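Just so we're on the same page: letters track the sequence lines, and every chain starts at 1. Note that this is a predicted model, so its numbers are computed, not measured.
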2 protein chains.
Amino acid sequence: MTDELDEDELGAYFGLIAAGDLLQRAVAAQLAEHGMTPLQFTILATLLNSSAGLRMSELADVLVLSRSGLTYQVTQLEKAGLVRRAATSDDERGVLAMLTPMGRDRALEAFPGHVGLVRAKFLDLLQPSEIDTIREALDRVVTALRRSKA
Amino acid sequence: MTDELDEDELGAYFGLIAAGDLLQRAVAAQLAEHGMTPLQFTILATLLNSSAGLRMSELADVLVLSRSGLTYQVTQLEKAGLVRRAATSDDERGVLAMLTPMGRDRALEAFPGHVGLVRAKFLDLLQPSEIDTIREALDRVVTALRRSKA
DNA sequence: AAGACTTGATTCCAATTCGAACTAGTTGTA
DNA sequence: TACAACTAGTTCGAATTGGAATCAAGTCTT
């Protein structure tokens, strides 16, 4: 019995994976219109809340991305003029990533459409009680998975 | 109000993305012990149900993977001796991918652990009613997203 | 204060993925 | 039948990602 999943279980599992993937694809398609990938949007959105900039390491940790991967993306965003690197005052080794004015503009431009898509393709399809259940249940799952990773 | 998401909405959205990602990572870590990636496992598992083999195109479509991506993976699996290619009888252009006996063994070996992980990190953390709600709600989301893609 | 760890970030390399171009076999049509 | 359009699969090139190695700067121990 442990080596099988019944209809409902399989449905919930596939639903989770498929819904997550498809939603991310839809988001990707939409962000492409703004000339950015989901990861790049996430970086910009994160920096939007930190006007003083964020350390590369902090940013990588928040985004659960490898250091080298972040270095690559920040370099891309820098070439595109959306992000700039700055030295940290205290630690000579540190590098701060922060938005350029254009980066801020582009992030703010992309935001409404992103939120609109999430609403249209996800939240608007659910009852408030379902949103509640999903939030609560998946939070439990996320907590468990994060714990077992450390 | 449309350009903001409240706590609950954000929680459900992040939960969906995070739970999906983390679960896939956990699955990946486990399958790595069997020397395969999630995609490779999915390919093997799919072929497990088609003893006569599947056309490359069909397989790519089922897995929502590009043709070239599948070519690459099947080549890898072929090198590993888990899959073999065969000619189709009717269409000279066609190629069938099918499991080797070893491929079948390896897929069957990996299966219980995979199911066990999905249970331990996901299903066992949820009430039956929650599983039901998630399955139903996400199915609606998946349907909507698939429709808007075509 | 010197030498040994540790830490922040980048560089380099291998793996994976997609799309475009390509090859070969099919189908349709005049 | 011959030519055009199409289909199946592969190959090639570009982008992305993670891990190992590397470099520079801090910190700690003695």
Legend entry - Gap between atom CD1 of Ile134(B) and atom CG of Asp139(B) - 0.5 Å precision: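 Result: 13.0 Å between the selected atoms.
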Whole Å only: how far is the [atom1] atom of [X] from the [atom2] atom of [N]?
X	N	atom1	atom2	result
Asp91(B)	dT7(D)	CG	C1'	8 Å
Met56(B)	dG25(C)	CE	P	17 Å
Leu63(A)	dG18(D)	CG	P	11 Å
Gln40(A)	dT17(D)	CD	C1'	13 Å
Gln24(B)	dG18(D)	CD	P	14 Å
Asp61(A)	dT7(C)	CG	P	13 Å
Leu70(A)	dT11(C)	CG	C1'	14 Å
Leu77(B)	dT10(D)	CG	P	13 Å

According to a strict under-4.0 Å criterion, is [X] in side-chain N/O contact with OP1 or OP2 of [N]?
X	N	value
Tyr72(A)	dT17(D)	no
Gln73(A)	dT17(D)	yes
Arg67(B)	dT17(C)	no
Arg93(B)	dT23(C)	no
Thr37(A)	dT16(D)	no
Arg55(A)	dA9(C)	yes

Inset, instruction - Could you check which of dT16(C), dT10(C), dC12(D) has an atom nearest any side-chain atom of Ser68(B)? - result: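 The answer is dC12(D), which lies nearest to the side chain.
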Legend entry - Minimum-distance nucleotide (side-chain atoms of Thr71(A) versus dA25(D), dT17(C), dA9(C)):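 In terms of side-chain proximity for Thr71(A), the closest of dA25(D), dT17(C), dA9(C) is dA9(C).
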Inset, instruction - Under 4.0 Å between any heavy atoms, over every strand shown, what does Leu39(A) touch: base, sugar-phosphate, or nothing? Just pick one. - result: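 Counting heavy atoms under 4.0 Å across all strands, the contact made by Leu39(A) is with sugar-phosphate only.
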Inset, instruction - Would you classify Ser66(A) as touching base, sugar-phosphate or nothing, given that sugar-phosphate means primed atoms plus P, OP1 and OP2, and contacts are heavy atoms under 4.0 Å? - result: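 Counting heavy atoms under 4.0 Å across all strands, the contact made by Ser66(A) includes a base.
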Legend entry - More than 12 heavy atoms of other groups within 6.0 Å of Glu7(A) CD: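 Open.
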Inset, instruction - Report the C-alpha distance between Arg119(A) and Leu5(B) in whole Å, list the side-chain angles of each, state the deciding distance to 0.1 Å, and finish with yes or no for side chain to side chain contact (heavy atoms under 4.5 Å, CB included). - result: CA-CA 9 Å; Arg119(A) 275 198 193 291; Leu5(B) 297 175; 3.8 Å; yes
Inset, instruction - Compare all side-chain heavy atoms of Ile43(B) with those of Leu63(B) and state whether any distance is below 4.5 angstrom. - result: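 Yes; the side chains approach each other to less than 4.5 Å.
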Inset, instruction - Verify side chain to side chain contact (heavy atoms under 4.5 Å, CB included) between Glu130(A) and Arg140(B), making sure each step is shown before the conclusion. - result: CA-CA 12 Å; Glu130(A) 291 176 325; Arg140(B) 222 176 299 141; 2.8 Å; yes
